[in-house]
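As structure tokens, the structure follows; a few thoughts come after it.
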Amino acid sequence: MKEYNPKEIEPKWQERWEDAKLHVAKTGDANEKFYSLETFPYPSAAGLHVGHPEGYTAEDINARYQRMNGKNVLYCMGWDAFGLPTENYAIKVGKNPKEVALDNIANFKRQLQMFGFSYDWDRELNTSDPSYYKWTQWLFLQLYKNDLAYRKHAPVNWCESCKTVLAREQVIEGACERCKNNVAQKPMEQWFFRITNYADELLDGIEGLDWIDATKEGQKNWIGKSIGAELEFAIKDDNGKIKVFTTRPDTLFGATYMVLAPEHELVDQLKDQISNWDEIENYRNEASNKTEMERVHLDKEKTGVELKGMVAINPANNKEIPVWIADYVMVSYGTGAIMAVPAHDRRDFDFAQYYNLPIKEVIALPDDSSINIKQITRGSGIGNWVGHPIEYQVSDKKTDMILGWKYDNIGQTCHTLLGTIKNSGEFDGMKVEEAKEKIIQWLEKEKIGKAATTYRLRDWLVSRQRYWGAPIPIIWCEKCGDVPVPEKDLPVLLPDDVDFNPTGEPPLASSKEFQNVDCPKCGGSARRDYETMDTFVDSSWYFLRYCSPNEESAPFNKEDVAYWLPADLYVIGAEHIALHLLYARFFCKAFADLKLVDIREPFQKIRHQGMIMGEDNQKMSKSRGNVVNPDEVIEKYGADTMRMYEMFMGPLADSKPWSTDSMKGISRFLEKIWKMQKKVFVVIPAKAGIQDYQKVLHQTIKKVTEDIQAMHHNTAISQMMILSNALHKVENIAKEDWEMILKILHPFAPHITEELWHVDHDSFIMTESWPEYDEKLAAEDEIELVVQINGKVRERHQVPADASEKDLEKIAMEGKKVSALLEGKEIVKVIVVKGKLVNIVVR
RNA sequence: GCCCGGGUGGCGGAAUCGGUAUACGCGGCAGACUUAAAAUCUGCUGGUCGGAAGAUCGUGCGGGUUCAAGUCCCGCCCCGGGUACCA
């Protein structure tokens, strides 16, 4: 028999599988469908990272397993090829981004193919190909025509280094996600998608999905729904009103001042009233010069300036209160203005302390001396100033605070009643929740406010001032305004005669050919929108295109989508929770409303892959020099070993350090499997019984089947190693057992199992059906009985698995060691756990 | 600050309806084979004490519940990830 040589057998089978079209999915097939959705990679110049094949192998194991269970599997690969890094790299090496992207794709494809992933390559797609981005543009137009895409002049996040605007989601701690440079606010005319129309549905839809809780929570937090009230404060001696949003209308009586965001439009409108305009202007300039990072960052002192000459009136008690501007209030959230309740809000409290503004308490604890106030302090922020607790625990029951009582020694277990707080007029004595409701009713009656909901989620800013993306299919005509490009003229192709170097002007503006165009409406001269779309637009619908990749009259075929979606499994990195999932779900819902698809949730089941760290347990990076190159690993060990090693490292979702040395374990295992072939007999020679390994074989089939379904690949592999250790000890293996062994190993190590299968089969192993285990053979007939005295293990016996509790107790008590230890002791109690142990409690 | 994970041998990790802690693998030690090395095979491998039998401690720390706790409860510490003047 030949040596195990992965370099020879792996490319051979990859080619033969492809020739046989073994992985082609058939839309409408009578077999049950299974859509195994893979994160399509961004093909970087650096090539494949060892992290990529982790999630991909997990998906491939699943895809192969599902096929062997008779499912019609859709499993594809594509390229998320537009994007800034490619453009920047192209500028650096003096090439066209298109060229760079194609090179990168070719390299990625070569690398991925080495792993033997069972993709249906006939459905391969590339977002930067005109045949794809034509439809990205078409979808943009559908959203535009249905008022889900719009243009707006607004302050946006601008990255000076990347020379483009960014979506809110791409700003991390005030810095650009890509280049980590500070992001500034800049007012610009930009395109947005109305994702906020779907905020509630995006929130509610999460419940029915098979996602882990952390992912669901991430989505919910990102949407950030806040329920409260919107109300107006009158401005003294003026018709103007200041509109605020609050989640705590119950604290209205405690509002002792107001704060506007520095950019708030009211400030300009009331310029004439304001006596300290120079000071205001100064502050506004300072604020606008601060980067988002400086402004948002951490525990810095709050600053602000009072708008002198301008006074607001608290509608609850008609008290005159001052109005300030301060950059701790964001123009983009709520109404850009707040009523400040320093007694019950940490930020307002800090500000009021600093500028000596009045603090008025309106909420205190209930009159209930049984409360341990210590319990309240944690998480409620009650502290020394009166924080803003809403609820706390009393006797395991959540109870509301009421408007009414005040204690000292907050934060201590002991506390004494200081008196009552009666600052809320007719609402005194109510619990918080009741007060919220009643005050909103009062606001509605007075016509100065109403219940309102605010979201953290913003509309999705999709225009970018760079080249390597899908051009926005809009023509700007002086006479007609925005005119959509007629659908027959799609795609709007990216021009080649452009200056790629970022100057602040979008590169497309430098192309004469691209810019000058006739208005489709009036025929007059017009110019194209010279911006491109965020690459997240491309990646938010690729899973639909896989269903009908060659459709020429539409982005996807509705029936095909109805057959395949939702995806039955989607393995993605946890870092995509906020952006990709949110956008893709929004697209799906919007498309459903446009009657393009019939489903509203695209991803039924999502699981995550963790990060593979360097051998030093640090993130792999060039600068640390701890990057592992998959080409070299495959060269040394082969794809099957690498696939199995990545699955054996630990739970899929955990981050875990790479160890090339540890790969030896897998390599030895596969060598053993290879050599085992010579023990296989059609007719077992009489001398050696097969019963020596059958129990563990059937236990292994059971465990591997369960573990694949639960995606516990590491323990499935452990169990197969236990089986191989058992087989190592026997002389002969029956042919039908050997076939089952190859089948269960196949999803993990497809090449070696295909090679060994073909020793005496002509079929492909994946077309065979998944083996069933025999429950009787897998069952243990003997177990080890553990005998404990006072919980400590003292003796062990081999006993029949079905021994009764009585028998177990008898065996335990009669044990040589145990009976000696029991000498002279009083037996208090005997606990028998059938099939496991006996614990004797003595005194 | 808030939200989510997670702390188990020298290392990656098993075991969570409470029931033998450390499966499987790496590494290490000893032996076999070999002129030798590699590869392979066999055995051992949590700490401490002990020649051994065995005893005893042991899943981040401190308490608790239980016949029995890595697992449940309370209070902390540390690490990783996400997120933030969100009113």
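Residue numbers begin at 1 in each chain, while the letters A, B, ... track the order of the sequences.
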Considering only side-chain heavy atoms of A/V793, which listed nucleotide, B/A21, B/G19, B/A87, is closest? B/A21

Name the nucleic acid region contacted by A/Q719, choosing base, sugar-phosphate or nothing; use a 4.0 angstrom heavy-atom cut-off, strictly under. nothing

Over all strands shown, is A/V786 touching base, sugar-phosphate only, or nothing at heavy-atom distances under 4.0 angstrom? base

C1' atoms of B/G18 and B/C73, separation to the nearest Å: 13 Å

Between A/E230 and A/K450 (salt bridge meaning N to carboxylate O under 4.0 Å), is one present in this structure? yes

Same-atom distance (P) from B/G9 to B/G46, integer angstrom: 13 Å

Check ion pair A/K243-A/E232 (N to O, under 4.0 angstrom): no

Nearest of B/G19, B/A87, B/A14 to any side-chain atom of A/Q788? B/G19

Would you tabulate the nitrogen or oxygen pairs shorter than 3.5 Å linking the protein to nucleotides 25-27 of chain B?
unit_1 : atom_1 : unit_2 : atom_2 : d
B/G25  : OP1    : A/N725 : ND2    : 3.2
B/C26  : OP1    : A/R668 : NH1    : 2.5
B/G27  : OP2    : A/R668 : NH1    : 3.3

Can you check the distance between B/U40 and B/C72, where both ends of the measurement are the P atom (answer in whole Å)? 41 Å

Secondary structure string for RNA chain B (Watson-Crick or G-U under 3.5 angstrom, | for other-strand pairs): (((((((..(((......[....)))((((((.......))))))((((....))))..(((((..]....))))))))))))....

Base, sugar-phosphate or nothing for A/I722? Non-hydrogen atoms, less than 4.0 Å. sugar-phosphate

A/E784 with A/R796: basic N within carboxylate O range, under 4.0 Å: yes

If you measure only the distance, is there a donor-acceptor pair under 3.5 Å linking the side chains of A/T303 and A/Y354? no

A/N790 has an atom CG; how far is it from atom P of B/C67, in whole Å? 11 Å

Answer with base, sugar-phosphate or nothing: what part of the nucleic acid does A/E671 contact at a heavy-atom distance below 4.0 Å? nothing

Answer yes when A/D250 and A/R248 have at least one side-chain N-carboxylate O distance shorter than 4.0 Å, and no when they do not. yes

Selected nucleotide, minimal atom distance to A/P651 side chain, candidates B/G19, B/A84, B/A14: B/A14

Of B/C67, B/A84, B/A55, the nucleotide closest to the side chain of A/V841 is B/C67

Side chains of A/E795 and A/Q788: is there a donor and an acceptor less than 3.5 Å apart? no

Using the C1' atoms only, state how far B/G12 lies from B/C2, rounded to an integer number of Å. 33 Å

Under 4.0 Å, counting only non-hydrogen atoms across every strand here, what does A/K703 touch: a base, just sugar-phosphate, or nothing? nothing

How about A/W222 and A/Y455: are their ring centres within less than 6.0 Å of each other? no

Under 4.0 Å between any heavy atoms, over every strand shown, what does A/R794 touch: base, sugar-phosphate, or nothing? Just pick one. sugar-phosphate

Residue A/R456, side-chain atoms from C-beta onward, closest of B/C86, B/A15, B/G54: B/C86

Is the distance from OP1 or OP2 of B/A87 to the nearest side-chain N or O of A/S226 less than 4.0 Å? yes

Taken to the nearest whole Å, NE2/A/H713 to C1'/B/A14 is 17 Å

Which is more 5' along RNA chain B, the nucleotide nearest A/M339 or the one nearest A/K619? Just name the residue. A/K619

Under 4.0 Å from OP1 or OP2 of B/A14: is there any side-chain N or O of A/N714 that close? yes

Quick one: do A/E671 and A/K664 make a salt bridge, cutoff under 4.0 Å? no

Atom-pair distance (OH on A/Y333; C1' on B/A87), nearest Å: 7 Å

Please state how far atom CE in A/M647 lies from atom P in B/A14, giving the value in whole angstrom units. 13 Å

Give me, pair by pair, the N or O atoms of the protein and of nucleotides 30-32 of chain B that are less than 3.5 Å apart, along with how far apart they are.
none

Pick the nucleotide of RNA chain B nearest each of A/K656 and A/K829; which residue has the one closer to the 5' end? A/K656

Does A/K792 have a side-chain nitrogen or oxygen under 4.0 Å from the phosphate oxygens OP1 or OP2 of B/G54? no

Nearest heavy-atom pair of A/P262 and A/A326: which atoms, and what distance? CD-O, 3.3 Å

Test side chain to side chain contact (heavy atoms under 4.5 Å, CB included) on A/Q609 and A/I572; report intermediate values, then the result. CA-CA 6 Å; A/Q609 78 199 66; A/I572 61 174; 5.8 Å; no

Say you pick atom P in B/G64 and the same atom in B/U59; how far apart are they, in whole Å? 16 Å

Please state the P separation for the pair B/A37 and B/G19 - nearest whole angstrom. 48 Å

Using the glycosidic torsion, which applies to B/G28: syn (within 90° of 0) or anti (everything else)? anti

Geometric class of the A/Y4/A/W674 ring pair [parallel <30°, tilted 30-60°, perpendicular >60°]: tilted

If I take atom CD in residue A/E54 and atom C1' in nucleotide B/G12, what distance separates them, rounded to the nearest angstrom? 13 Å

In whole Å, what separates the C1' atom of B/A14 from that of B/U71? 14 Å

In whole Å, what is the span from the OH atom of A/Y328 to the P atom of B/C85? 14 Å

C1' gap between B/C4 and B/U65, integer Å: 28 Å

Pair A/E207 + A/K220: basic N to acidic O under 4.0 Å: yes

For the CE atom of A/M647 and the CG atom of A/D707, what is their distance to the nearest 0.5 Å? 13.0 Å

Could you check which of B/G13, B/A15, B/G19 has an atom nearest any side-chain atom of A/L837? B/G19

Just call it for A/D213: base, sugar-phosphate, or nothing, with non-hydrogen atoms closer than 4.0 Å on any strand. nothing

Can you tell me if the side-chain N/O atoms of A/H728 get under 4.0 Å from OP1 or OP2 in B/U42? yes

ring-ring contact (aromatic ring centres under 6.0 Å, His included) between A/Y355 and A/Y257, worked out: CA-CA 11 Å; A/Y355 289 107; A/Y257 66 98; 9.1 Å; no

CD/A/Q618: more than 12 non-hydrogen atoms of other groups inside 6.0 Å: yes

Taking atom C1' of B/G13 as reference, at what distance in whole Å does atom CG of A/L652 sit? 15 Å

If I take atom CG in residue A/L821 and atom P in nucleotide B/G54, what distance separates them, rounded to the nearest angstrom? 12 Å

